[in-house]
Trainee: 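Right, I'll just put the structure down here and ask away after.
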Amino acid sequence: MIQGSCCCGSVKFTLAKDPSFLGICHCSRCRKLGTSEFFMVEREAFTWLSGKEFVAEYLPEQGFKYKRCFCQHCGSSLGEILSTEDKFPIAANSLDSDPELKVWFHEHLATRPSWQLVHEGAKLFDGDPYQ
Ligand SMILES: [Zn+2]
Ligand SMILES: [Zn+2]
């Protein structure tokens, strides 16, 4: 069982199984929002323990389609934790333990700053691999 939480501990959840994969997005938006590193999790495996009511959504500006969630108390990035999709990305920083997954891919490498490292063996995409 994997536990997850925000910095202040208001938000708590569990994952009954490992995330599907670990990805890193280098777009400016993910960097600003603190969600560059994300785990894709399955809804079936995800259970809220507390704090869902403290999670706020930052709605996508024009030209973007993904919402971003954060704890209203401490500001921790939580990815798309309020998503209603079968699979959704959560900010890697929200997990309390390390599932020890290798980075599966890097996306939006064209806008990667030099201080964000590239993991050996990961698939590399200059833009969005889904388009
Ligand atoms: Zn918090
Ligand atoms: Zn991004």
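Counting convention: from 1, in listed order, for ligands and their atoms alike.
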Trainee: Are His106 and His26 close enough that some pair of their side-chain heavy atoms sits under 4.5 Å apart?
Mentor: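 Side chain of His106 against side chain of His26, heavy atoms only: contact under 4.5 Å found.
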
Trainee: State plainly whether the residues Glu61 and Arg29 are in salt-bridge range, i.e. N to O under 4.0 Å.
Mentor: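 Here Glu61 pairs with Arg29 in a salt bridge, since their nearest N and O are under 4.0 Å apart.
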
Trainee: So, is Cys71 placed with an N/O/S atom under 2.8 Å from the Zn ion (ligand 1), counting both backbone and side chain?
Mentor: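 For Cys71, the answer is yes, given that an N, O or S atom comes within less than 2.8 Å of the Zn ion (ligand 1).
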
Trainee: So, is His108 placed with an N/O/S atom under 2.8 Å from the Zn ion (ligand 2), counting both backbone and side chain?
Mentor: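 Looking at His108, which is the residue asked about, there is no N, O or S atom under 2.8 Å from the Zn ion (ligand 2).
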
Trainee: When the aromatic ring centroids of Phe13 and Phe46 are compared, is their separation below 6.0 Å?
Mentor: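 Between Phe13 and Phe46, the centre distance is under 6.0 Å.
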
Trainee: Any N/O/S atom, backbone or side chain, of His73 lying under 2.8 Å from the Zn ion (ligand 1)?
Mentor: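 His73 does not place any N, O or S atom closer than 2.8 Å to the Zn ion (ligand 1).
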
Trainee: Measure from the Zn ion (ligand 2) to each N, O or S atom of Cys25 and report whether any distance is below 2.8 Å.
Mentor: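 So Cys25 counts as coordinating the Zn ion (ligand 2), yes.
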
Trainee: Run the salt-bridge test on Glu57 and Arg68 with the 4.0 Å N-O cut-off and return the result as yes or no.
Mentor: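 Salt bridge absent between Glu57 and Arg68.
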
